[in-house]
Amino acid sequence: MKKSQSFFMMLVLVIGMLAACGPQREAQPENTDKDNGTSENQAEEPKPEKLVVWEDTDKGIALKPAIESFEKEYGIKVEFKELGMADKIRDQLRLDGPAGNAPDVVTLPHDQIGQVVTEGLLQEIQVEDSVLDTFTESSITAQMFDGKLYGLPKATETPVFIYNKALMEKAPETMDELYTQAKELTAGGQYGFLALFDNFYFAHGPIAGMGGYVFKENDGALDREDVGLNNEGAVEGAEFIQKWYSEGLFPKGIIGESGGAAMDGLFNEGKAASVMNGPWALQGMKDAGIDVGVSVMPKLPNGEPVKTFMGVKGWHVTAFTKNPYWATKFVEHITNEENSKIRFETTQEIPPVKSLIEDPVIADNEAAKAVAEQSQYAVPMPNIPEMAEVWGPMASALQTIATGKAEPKAALDDAVKTIKTNIETNHPAK
């Protein structure tokens, strides 16, 4: 027994020595020094004089208090720059990274992660499970690519049910109930319900709720070979969409690229009782004098929720930073509960922080509560590069369905065939 114990102790010592000699990762160790908030392994990465962060336009107001508390706690100066919206940040990183002018941390929508990782612009981050547990599972999933974590979530958004309280007393619980109301309310240029169902971003809700899917998830990764947009559930979802058009419940003007503006105009003029739209539309509605109500989407005829697409913006550590540990530490800091709450209060961006969903600051806000609740049913938009091949064929299919030029099954079969061909052509398997 003593020999085996001695051997075990020797083995532990050897493993410990090998680990000490091995390469260090940028993960945050659990034990920290109470005086300065640093870990015993931080000597591997000295504190930098400053970190540089790229933020969305007009969102720096939420970043300032988080920066101040980070600087106070860690003694590291942080500079931020508002650099347009998502595409601007991505495109600028492509230029500034190789030129040596890249920031340490950037914000991006999650559906860009796969492409920018493939281009070598972001790096994997390591955080403790206690940090991951702060956020909703779907929002963390959205920050992953190929089974690895590339950021922490900042804010989430997804379409919800919005109604004019002057025309609809309360939100219906089911789409069948809504359908009945819409038939009663649609007449003489007035409409009961409007949705951009010829746009796959919105059409995904009923299609996925009926059982369709874009790419099948296997072992934490999306399988580009398994496209479920023409399976039985997807066809049922498309048939559900088709009836709103074929029965004249949607006007012909809300099809195609101009559909969104047409729908917004009808609702803001008081000519539509309800719409499926995102929180980004609420301010315009209020500016138009509409007393709006906001709720989760009514349940589908099969009893399932409308599985809307969810967008998650996150904070990411660039591949070009010389301070990956401290950049990750900053990302943890600005997404913690306190700073996420401040972000919501200053920008109305809804953080996917579990503890805040029931916090009065969100729970007492009708729109925020609806988005938070709908997000629990939502599906993060696929973030692999192959998703770029989905939007066009699905838009074409949905528009032929909406205009009655093709039946759902045939239209979806053609779309999936095109998607698979384009994936094979534009994204050769490694």
Side-chain angles (χ1 to χ4, degrees), residues 85 109 111 155-168 170-175 177-179 181-182 185-186 190-209 237 240-241 244-245 249-251 253-300 305-313 347-350 365-379 381 391 395 398-399 402:
M85 301 305 285
D111 57 320
T156 183
E157 62 183 20
T158 193
V160 288
F161 184 78
I162 304 173
Y163 60 101
N164 184 334
K165 291 182 178 180
L167 303 176
M168 186 174 284
K170 62 179 182 178
E173 295 184 3
T174 68
M175 292 299 293
E177 183 183 346
L178 176 62
Y179 174 72
Q181 290 186 37
L185 294 171
T186 300
Q190 291 284 132
Y191 299 91
F193 172 65
L194 298 177
L196 302 176
F197 281 154
D198 71 316
N199 181 324
F200 184 53
Y201 176 78
F202 295 96
H204 178 272
I207 287 175
F240 170 82
I241 287 171
W244 293 88
Y245 293 94
L249 299 177
F250 288 178
I254 62 165
I255 289 179
E257 293 183 3
S258 62
M263 183 179 75
D264 290 345
L266 288 169
F267 187 84
N268 293 347
E269 292 168 11
K271 296 179 180 179
S274 63
V275 294
M276 175 187 187
N277 211 334
W280 54 82
L282 290 171
Q283 191 58 53
M285 296 170 173
K286 293 175 182 177
D287 291 345
I290 305 296
D291 184 11
V292 299
V294 190
S295 174
V296 296
M297 290 298 299
K299 288 190 175 181
L300 291 164
V306 175
K307 295 184 178 179
T308 49
F309 262 147
M310 177 173 69
V312 181
K313 282 191 174 181
T347 69
Q348 295 299 294
E349 289 184 308
I350 300 168
N365 182 309
E366 185 180 22
K369 182 180 180 181
V371 173
E373 186 177 347
Q374 182 64 40
S375 293
Q376 297 180 69
Y377 310 126
V379 177
M381 283 185 289
W391 298 107
L398 290 165
Q399 287 171 22

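Source: prediction; values computed, not measured.
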Does the side chain of [X] reach to within under 4.5 Å of the side chain of [Y], using non-hydrogen atoms?
{"X": "Tyr179", "Y": "Leu249", "result": "yes"}
{"X": "Val306", "Y": "Lys299", "result": "no"}
{"X": "Val379", "Y": "His204", "result": "yes"}
{"X": "Leu185", "Y": "Ser274", "result": "no"}
{"X": "Pro305", "Y": "Leu300", "result": "no"}
{"X": "Gln181", "Y": "Phe193", "result": "no"}
{"X": "Tyr191", "Y": "Phe250", "result": "no"}
{"X": "Asn277", "Y": "Asp264", "result": "yes"}

Rounded to the nearest 0.5 Å, what separates atom OH in Tyr377 from atom CE in Met310?
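Interatomic distance, Tyr377 OH to Met310 CE, rounded to 0.5 Å: 13.5 Å.
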Atom pair CD/NZ of Gln374 and Lys307 - distance to nearest 0.5 Å
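If we round to the nearest 0.5 Å, Gln374:CD and Lys307:NZ are 11.5 Å apart.
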Atom of [X], atom of [Y] and distance for their closest heavy-atom approach:
{"X": "Gly192", "Y": "Thr186", "result": "N-OG1, 3.2 Å"}
{"X": "Leu266", "Y": "Leu194", "result": "CD1-CD1, 3.8 Å"}
{"X": "Gly270", "Y": "Leu167", "result": "O-CD1, 3.5 Å"}
{"X": "Met168", "Y": "Ala273", "result": "CE-CB, 4.0 Å"}

Set of residues satisfying side-chain contact (heavy atoms from CB on, under 4.5 Å) with respect to [X], sequence neighbours excluded:
{"X": "Glu173", "result": "Glu177"}
{"X": "Asn199", "result": "Leu196, Tyr201, Phe202"}
{"X": "Ala155", "result": "Glu349"}

Selection residues 270-285 - residue pairs positive for salt bridge (Lys or Arg N to Asp or Glu O under 4.0 Å), sequence neighbours left out:
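As it turns out, the salt bridge (Lys or Arg N to Asp or Glu O under 4.0 Å) pairs with a partner in residues 270-285, which skip direct neighbours, are Glu269-Lys271.
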Please list, one pair per line, the donor and acceptor atoms closer than 3.5 Å that link side chains of residues 283-297 to other protein atoms, with sequence neighbours excluded.
{"residue": "Gln283", "atom": "NE2", "partner": "Asp287", "partner atom": "OD1", "Å": "3.0"}

List the steps and the verdict of side chain to side chain contact (heavy atoms under 4.5 Å, CB included) for Ile350 and Glu157.
CA-CA 7 Å; Ile350 300 168; Glu157 62 183 20; over 6 Å; no
Tyr245: side chain to side chain donor-acceptor pair (under 3.5 Å) partners, not counting sequence neighbours
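Applying side chain to side chain donor-acceptor pair (under 3.5 Å) to Tyr245 gives none.
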Please evaluate residues Val312 and Asp111 with respect to the criterion side chain to side chain contact (heavy atoms under 4.5 Å, CB included), reporting the C-alpha separation (whole Å), side-chain torsions for both, the decisive distance (0.1 Å), and the verdict.
CA-CA 8 Å; Val312 181; Asp111 57 320; over 6 Å; no
Listing, residues 158-166 side-chain donor-acceptor contacts under 3.5 Å, not counting sequence neighbours, or none:
{"residue": "Thr158", "atom": "OG1", "partner": "Thr308", "partner atom": "OG1", "Å": "2.7"}
{"residue": "Thr158", "atom": "OG1", "partner": "Phe309", "partner atom": "O", "Å": "2.7"}
{"residue": "Asn164", "atom": "OD1", "partner": "Ala166", "partner atom": "N", "Å": "2.9"}

Once salt bridge (Lys or Arg N to Asp or Glu O under 4.0 Å) is applied, do any residues pair with Glu373, and if so which ones, sequence neighbours excluded?
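Testing Glu373 for salt bridge (Lys or Arg N to Asp or Glu O under 4.0 Å), a comparison that skips the adjacent residues, returns none.
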